[in-house]
Each structure stands twice: as structure tokens, then as C-alpha cells.
Amino acid sequence: MSFSVLELFAGAGGLALGGARAGLAHRALVELNPGACRTLQLNAGLLGCSQILTQDVRTIDFAGLGPIDLVTSGPPCQPFFGGR
């Protein structure tokens, strides 16, 4: 059985890569930083995910992603967000 995963604050994909190697099926990776998202897109095949969302997590319609078994997350980069 494979779990469907939503990863928030994905960064460049280190946690997603570990999850993919452990057999997790990423439904979507969410990251706001455009540079990190370019890295995610280049490595989408290794990460087992074709849906990279370059947007703020507060603006996502999560219902459109379908059923999710597991949510993973890296900590948001506080300096990037100006401490908000």
C-alpha cells in the first residue's frame, strides 16, 4: 500500500526525495520560492510528483487535490517571510 502525500514548504525537495525512496506517492509539492520550485520541477521524476504548486499555502484549494493520507512539511523559512 502506498500513501498519498501532500508536502508543504517543500524547499528543494530533500524530504520529498526521502519519502519517494520510502515508497510514498506525492500528490503535490507546495513551495513559494520560485528558485526552489525550479529545482523541484527538474527533479519531479525522482520525487515521484508531477504537481508542483508555486504558491502560498494560504491560497490553495486543498479539496481539489483529492484524498490525502499524509501531510509532510519542512518548517517555513522565517527570514524569507520577513517573520510574519
Check for a donor-acceptor pair, side chain of S4 on one end and backbone N or O of D69 on the other, with a separation under 3.5 Å.
yes
Roughly how far apart are E31 CD and E7 CD, rounded to 0.5 Å?
9.5 Å
How long is the span from the NE2 atom in H26 to the CG atom in L15, to the nearest 0.5 Å?
6.5 Å
Straight-line distance of C37 SG to L32 CG, nearest 0.5 Å
7.5 Å
Nearest heavy-atom pair of G74 and F9: which atoms, and what distance?
O-CB, 3.2 Å
C49 SG to Q41 CD distance, which is reported to the nearest 0.5 Å
10.5 Å
Short question: side chain of S2, backbone of G23 - any donor-acceptor pair under 3.5 Å?
yes
Using every non-hydrogen atom in the two residues, find where A28 and L65 come nearest and quote the distance to one decimal.
CB-CD2, 4.1 Å
Would you compute the distance between atom CG of L40 and atom CD1 of I52 and round it to the nearest 0.5 angstrom?
5.0 Å
Does T72 use its side chain to pair, donor to acceptor, with the backbone of V5 at less than 3.5 Å?
no
Indicate the atoms forming the closest heavy-atom contact of L17 with L46, along with that distance.
CD1-O, 3.9 Å
Quick check: closest heavy atoms across V71 and I68, and the distance to 0.1 Å?
CG2-CG2, 4.2 Å
Heavy-atom closest pair (G11 atom, A36 atom, distance to 0.1 Å) is O-CB, 3.4 Å
What one should report as the nearest heavy-atom pair of L47 and A20 is O-CB, 3.5 Å
Enter the distance from R27:CZ to L29:CG here, rounded to the nearest 0.5 Å.
12.5 Å
